[in-house]
Amino acid sequence: MGRCLIVEDDRRVASLHRAFLEAEGIQVVYVAQGFREALEALESLRDLDLVLLDLYLPDGHGLDLLPKLLGIYTIVITAAKDVPTVERALLGGAMDYLVKPFSRGRFQEALVRFRAFVSLNTKREVSQQDLDRILARRRFDKGLDPLTREEVLKVLSASGKPVTAEGVAKALGISRVTAWRYLERLCQEGVVEVRSSYGQPGRPSRMYQLKGSQDNLGSR
């Protein structure tokens, strides 16, 4: 789902991004390794849905491409984390901002938001919940730590298969109740999906997995 342009001067990094996107069902139509090459690609390519944009390019700055990317969902991927750069990117039209190095779970979360944005095309009106999911503006509940949230996402990403709250708790050295709270909140955000497993005697287990991963909960 979706046609993507990658703007990245590091061939190895671009290759990793391409492999991940294609595994998620997103078609990479071109990889530009510089500012001018990206400009030429944008002039010739049609129907782009997504751009992964590095900022430090050998012949220009990625932020100067933002005016050309209006109407295209843009995810900035860069090592730059100074406030002026982040502000310029987000105010200039970028929909997400990933600081290198980032986890696979964070990348997958960015694609969940992208898919949520694309799904708006099927609606006449949007709810505040729809907008919160896309813009990631929802605050965590009192007592929930964003850093622990990131660690929970890493566990789900590394597992590659559905896991229980007990499994996450054991991996992170936290209580099962704490793990459950983070997992349920991620479900509310639309980042994680859940199903009940009836394979063992007793009460069914709730199994959690990153939304959109290859081992799809709905196929089991």
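As a basis for the values below, the full set of heavy atoms in this structure was taken, side chains included, without hydrogen atoms, waters or symmetry mates.
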Query raised in the report: Taking atom types as modelled, is there a side-chain donor on Tyr182 or Glu151 under 3.5 Å from an acceptor on the other?
Result: no
Do we see a donor-acceptor contact under 3.5 Å between the side chains of Gln108 and Ser157? no
Could you give me the CA-CA distance, side-chain angles and deciding distance for Arg106 and Asp96, then say whether salt bridge (Lys or Arg N to Asp or Glu O under 4.0 Å) is met?
CA-CA 11 Å; Arg106 181 62 181 87; Asp96 210 337; 2.7 Å; yes
Does the side chain of [X] reach to within under 4.5 Å of the side chain of [Y], using non-hydrogen atoms?
| X | Y | answer |
| --- | --- | --- |
| Gln33 | Arg11 | yes |
| Leu42 | Leu69 | yes |
| Val29 | Leu48 | yes |
| His17 | Ile77 | yes |
| Arg149 | Leu186 | yes |
| Leu156 | Gln209 | no |
| Leu52 | Cys4 | yes |
| Leu183 | Val152 | yes |

So, Arg3 side chain and Gln27 main chain: donor-acceptor pair closer than 3.5 Å or not? no
- prompt: Do Ser44 side-chain atoms and Ala41 backbone N/O form a donor-acceptor pair below 3.5 Å?
  reply: yes
I'd like to know whether Glu109 forms a salt bridge (Lys or Arg N to Asp or Glu O under 4.0 Å) with Lys211, so could you lay out the CA-CA distance, the side-chain angles of the two residues, the decisive distance to 0.1 Å, and finally the verdict. CA-CA 8 Å; Glu109 181 181 346; Lys211 195 170 184 178; over 6 Å; no
Within 6.0 angstrom of Lys100 NZ, more than 12 heavy atoms from elsewhere
yes
Any chain of hydrophobic side-chain contacts (each under 4.5 Å) joining [X] to [Y]?
| X | Y | value |
| --- | --- | --- |
| Leu53 | Leu45 | yes |
| Tyr56 | Val86 | no |
| Leu21 | Val13 | no |
| Leu16 | Ile26 | no |

Exercise. Hey, is Glu8 close enough to Arg18 for a salt bridge, meaning N to O under 4.0 Å?
Worked result: no
- prompt: Between Lys170 and Glu166, is there a side-chain N and carboxylate O pair less than 4.0 Å apart?
  reply: no
Distance (rounded to the nearest 0.5 Å) between [X] [atom1] and [Y] [atom2]:
| X | Y | atom1 | atom2 | result |
| --- | --- | --- | --- | --- |
| Tyr97 | Glu87 | OH | CD | 11.0 Å |
| Phe117 | Leu50 | CZ | CG | 11.0 Å |
| Glu193 | Tyr208 | CD | OH | 12.5 Å |
| Asp82 | Arg88 | CG | CZ | 11.0 Å |
| Leu5 | Asp49 | CG | CG | 11.5 Å |
| Lys154 | Leu172 | NZ | CG | 10.0 Å |

Can you see which heavy atom on [X] is nearest to which on [Y], and at what distance?
| X | Y | answer |
| --- | --- | --- |
| Ile75 | Ala110 | CD1-CB, 4.0 Å |
| Ile6 | Ala14 | CD1-O, 4.0 Å |
| Asp64 | Pro67 | O-CD, 3.5 Å |
| Leu66 | Ala89 | CD1-O, 3.7 Å |
| Arg36 | Asp59 | N-OD2, 3.1 Å |
| Leu57 | Gly34 | CD1-C, 4.1 Å |

Parallel, tilted or perpendicular for Phe107 and Phe20, by the 30°/60° rule?
parallel
| said: What verdict does the side chain to side chain contact (heavy atoms under 4.5 Å, CB included) test give for Asp54 and Asp9, after you've listed the backbone C-alpha separation in whole Å, the side-chain angles of each residue and the deciding distance to 0.1 Å? | reply: CA-CA 8 Å; Asp54 188 19; Asp9 65 316; 3.2 Å; yes
Could you go step by step and tell me if Tyr73 and Arg113 meet the side chain to side chain contact (heavy atoms under 4.5 Å, CB included) rule? CA-CA 10 Å; Tyr73 194 100; Arg113 294 176 189 163; 3.6 Å; yes
(request) List the steps, then state whether side chain to side chain contact (heavy atoms under 4.5 Å, CB included) holds for Val76 with Leu98. (result) CA-CA 6 Å; Val76 169; Leu98 277 63; over 6 Å; no
Exercise. Given side chain to side chain contact (heavy atoms under 4.5 Å, CB included), test Glu184 with Arg206 step by step and report yes or no.
Key: CA-CA 10 Å; Glu184 289 296 319; Arg206 287 175 68 79; 2.9 Å; yes
